[in-house]
Amino acid sequence: MDIVIIGAGPAGITAAYEFSKKHQGYNVTVLEESDRIGGISQTVKYNGNRMDIGGHRFFSKSSRVTDWWNEIMEAQGAPSIDDKLLNREKVYADEGADPESIDRVMLKRHRVSRIYYKNKFFDYPVTMKMETIKNMGFTTTIQAGFSYLGACVHKLPETSLENFYINRFGKKLYSMFFEGYTEKVWGRHPSQISADWGSQRVKGLSVKAVLKDIFGKLTGGNKEVETSLIEEFYYPKFGPGQLWETALNTAIQAGVDFRPCCKAVRLNTDGNTVTGVTYIEHGEEKQIDADIVISTMPIRELVPAIASKAPDTVEAAAAGLPYRDFITVGLLVNKLQLENKTDIPNFNGLVPDCWIYIQDSSVKLGRVQIFNNWSPYMVKDFENTVWLGLEYFCNEGDEMWTLKDEDFINFASMELEKIGIIKREDVLDTHIERIKKAYPAYFDTYDCMDEIKTYLDSYNNLFCMGRNGQHRYNNMDHSMLTAFETVDQIVKSTSGKYNKEKIWNVNAEKEYHEEKKN
């Protein structure tokens with residue numbers, strides 16, 4: 001059976017690996033538009049430093065996903081995730097920056113992600129402790145408490161992301177920590193965004209969940225942890241790209257045909273069957289036949305690429321699907337202007353945050369990554385420099401997107417200095433990355449997704465998976481689960497008929513389907 005996979009992101013590589021290692025009789029070809037792999041989960045290398053595009057915690061409630069991660073890392077001589085791994089302090093104190101100094105590939109990290117609001121740090125998710133009350137002030141704390149109690153009594157209809165947040169946190173905390181930041185990320189007010197985004201990304205997170213988590217830890221009864229409340233996660237030594245490079249290389253060695261710089265432009269059809277894919281390689285149009293086509297390309301591009309013209313309503317809905325694009329500016333600096341006032345020790349007194357969410361509405365900056373805290377091996381000279389990733393959310397073609405690299409880097413540096421995180425004279429080196437269609441958005445014609453999905457599923461041998469392939473803001477592990485389910489459907493079917501709802505339903509329900517296995 002000839003299988004063509006469009007896209008070499010997490011979902012595409014997972015599917016290719018599964019076919020190549022576990023099942024015989026499949027000729028698999030992966031077409032990737034760019035010369036990189038991993039999609040938004042790639043690791044960019046620049047002047048000896050590494051950038052994680054968007055930041056990726058290796059944590060999942062699915063044992064199948066964590067077992068897969070183990071399998072991939074063990075393939076290159078790494079220990080199991082369950083092995084005793086080095087914690088943050090030991091990595092910094094004992095191992096230094098020499099990439100060859102240890103054999104372990106997966107590092108255990110302590111999760112610290114905080115909100116930077118009015119020059120003060122707040123835990124993310126917001127926790128109910130004395131430091132939070134002190135930073136908020138007594139009056140604001142009382143207002144937030146009564147606002148939350150009011151939300152518990154009077155639930156709003158969850159017709160928007162705004163109401164979703166207010167129901168879980170109250171209007172005061174929503175206005176402080178969610179409203180402005182959400183609008184910065186999506187370019188739309190939360191009242192204009194579907195509540196589906198909250199259901200998929202925030203799930204059970206609320207003030208109640210935070211209090212339950214705290215009480216559970218005190219009593220020892222906390223058995224299930226909301227994903228947003230995890231305190232530890234694992235991380236590949238050289239960033240998430242290390243996992244995807246290893247997985248794809250293993251699949252290639254097993255016979256997968258990987259074709260980079262090959263852009264799929266048309267899906268050839270015969271009635272309701274996809275017969276192959278036309279793609280462009282170095283300006284030349286080529287074709288490949290297929291019994292099965294698996295797509296992770298954006299639906300907005302997939303629908304018009306199908307040779308059989310879609311109904312006008314479907315075509316219009318697909319064309320209107322929105323995305324947010326993404327710019328990361330890498331800044332290498334001598335030091336930060338922030339002090340580590342936490343009880344978490346860190347090398348050279350560096351603040352322990354992996355991410356810092358910027359709530360300040362006077363800047364366009366959304367989030368800052370500190371790559372030293374993801375892994376010391378992401379930074380060439382981690383003892384003397386701090387490697388930052390400044391994250392901006394925009395639309396392809398807008399003012400930010402089209403700004404010249406040098407001008408944008410200067411703008412970003414000034415913003416970071418403005419809010420007191422660095423001094424511009426401490427900047428040693430810079431780099432910029434632009435990522436198209438990083439975030440599928442939940443407004444405009446998103447409410448027509450069911451109609452689009454029905455049309456795509458009418459092609460029996462066409463499968464859609466992954467973040468852009470389903471227009472769903474999935475985590476990395478959810479994208480992998482769509483790949484597992486796709487491969488399972490193809491391999492287990494004896495009649496050539498498939499239950500694609502199982503693929504679409506990954507992370508579409510309030511409790512995702514493998515949660516109770518752990």
(message) For Ile327, is there any backbone N or O sitting under 3.5 Å from a side-chain donor or acceptor partner on Arg434?
(response) no
(request) Answer whether the closest heavy-atom distance between the side chains of Val386 and Ile422 falls below 4.5 Å. (result) no
(message) For Tyr323, does the six-membered ring have the charged nitrogen or CZ of Arg300 within the cation-pi criterion, i.e. under 6.0 angstrom from the centroid and within 45° of the normal?
(response) no
(request) Report yes if the side chains of Arg367 and Tyr181 come closer than 4.5 Å at any heavy-atom pair, otherwise no. (result) yes
(request) Step through the shown structure and confirm whether more than 12 heavy atoms of other residues, nucleotides or ligands are within 6.0 Å of CD on Glu425. (result) yes
(message) Determine whether the aromatic ring centres of residues Phe443 and Tyr446 are separated by less than 6.0 angstrom.
(response) no
(message) Between Pro236 and Met106, is there a side-chain heavy-atom distance shorter than 4.5 Å?
(response) yes
(request) For the residue pair Glu433 and Tyr46, establish whether any side-chain heavy-atom pair is separated by less than 4.5 Å. (result) no
(message) Please check this pair: side chain of His478 against backbone of Gly466, looking for a donor-acceptor N/O pair closer than 3.5 Å.
(response) no
(request) For the pair Trp68 and Trp244, name the ring-plane relationship: parallel under 30°, tilted 30 to 60°, perpendicular over 60°. (result) tilted
(request) Report yes if some heavy atom in the side chain of Asn49 is under 4.5 Å from a heavy atom in the side chain of Phe371; otherwise report no. (result) no
(request) Answer yes or no: is there a side-chain heavy-atom contact under 4.5 Å between Met476 and Ile40? (result) no
(message) For Tyr392 and Glu415, which I'm curious about, is there any donor-acceptor pair between the side chains at under 3.5 Å?
(response) yes
(request) Look up atom CZ in Arg36 and atom NZ in Lys45, then write down how far apart they are to the nearest 0.5 Å. (result) 11.0 Å
(request) Could you tell me the separation between the CE atom of Met465 and the CD1 atom of Ile6, rounded to the nearest 0.5 Å? (result) 10.0 Å
(message) Counting C-beta onward and ignoring hydrogens, is there a side-chain heavy-atom pair between Ser147 and Leu173 closer than 4.5 Å?
(response) no
(message) Name the residue from Phe122, Tyr165, Tyr357 that meets the ring-ring contact (aromatic ring centres under 6.0 Å, His included) definition with Phe177.
(response) Phe122
(request) Pick out which of Trp69, Tyr234, Phe233 makes a ring-ring contact (aromatic ring centres under 6.0 Å, His included) with Phe58. (result) Trp69
(message) Determine whether Glu391 and Thr328 satisfy the following criterion, side-chain contact (heavy atoms from CB on, under 4.5 Å), listing intermediate values before the conclusion.
(response) CA-CA 5 Å; Glu391 301 181 355; Thr328 295; 4.2 Å; yes
(message) Quick one, Tyr17 with Met480, criterion side-chain contact (heavy atoms from CB on, under 4.5 Å). Give me CA distance, side-chain angles, the key distance, then yes/no.
(response) CA-CA 11 Å; Tyr17 180 92; Met480 293 173 62; over 6 Å; no
(request) Could you tell me whether Arg168 sits above the aromatic face of Phe164, with NZ or CZ closer than 6.0 angstrom to the six-membered ring centre and within 45 degrees of the axis? (result) yes
(message) Could you tell me if Glu158 and Asn167 have a donor-acceptor pair between their side chains, going purely by distance under 3.5 Å?
(response) yes
(request) Measure across Ser375 and Lys237 and return the closest heavy-atom pair with its distance rounded to 0.1 Å. (result) OG-O, 2.7 Å
(message) Could you go through Phe326 and Ile53, starting from their C-alpha distance and side-chain angles, then the distance that decides it, and tell me whether this counts as side-chain contact (heavy atoms from CB on, under 4.5 Å)?
(response) CA-CA 9 Å; Phe326 182 79; Ile53 304 298; 3.8 Å; yes
(request) Measure centre to centre between the rings of Tyr116 and Phe121, then say whether the value is under 6.0 Å. (result) yes
(request) Over all heavy atoms of both residues, which pair between Met136 and Thr141 is shortest? Give the atoms and the distance, please. (result) CB-OG1, 3.7 Å
(message) Do Lys418 and Asp360 have side chains that approach each other closer than 4.5 Å (heavy atoms only, starting at C-beta)?
(response) no
(message) Would Arg109 and Tyr235 count as a cation-pi pair here, with the cationic atom under 6.0 angstrom from the ring centre and within 45° of the axis?
(response) no
(message) Checking side chain to side chain donor-acceptor pair (under 3.5 Å) between Asn346 and each of Asn372, Asp353, Asn340, Asn373, which is the one that passes?
(response) Asn373
(message) For Lys404, is the NZ atom crowded, meaning more than 12 foreign heavy atoms sit under 6.0 Å from it?
(response) no
(request) Please step through side-chain contact (heavy atoms from CB on, under 4.5 Å) for the pair Val44 and Arg50, ending with a clear verdict. (result) CA-CA 5 Å; Val44 175; Arg50 290 173 166 82; over 6 Å; no
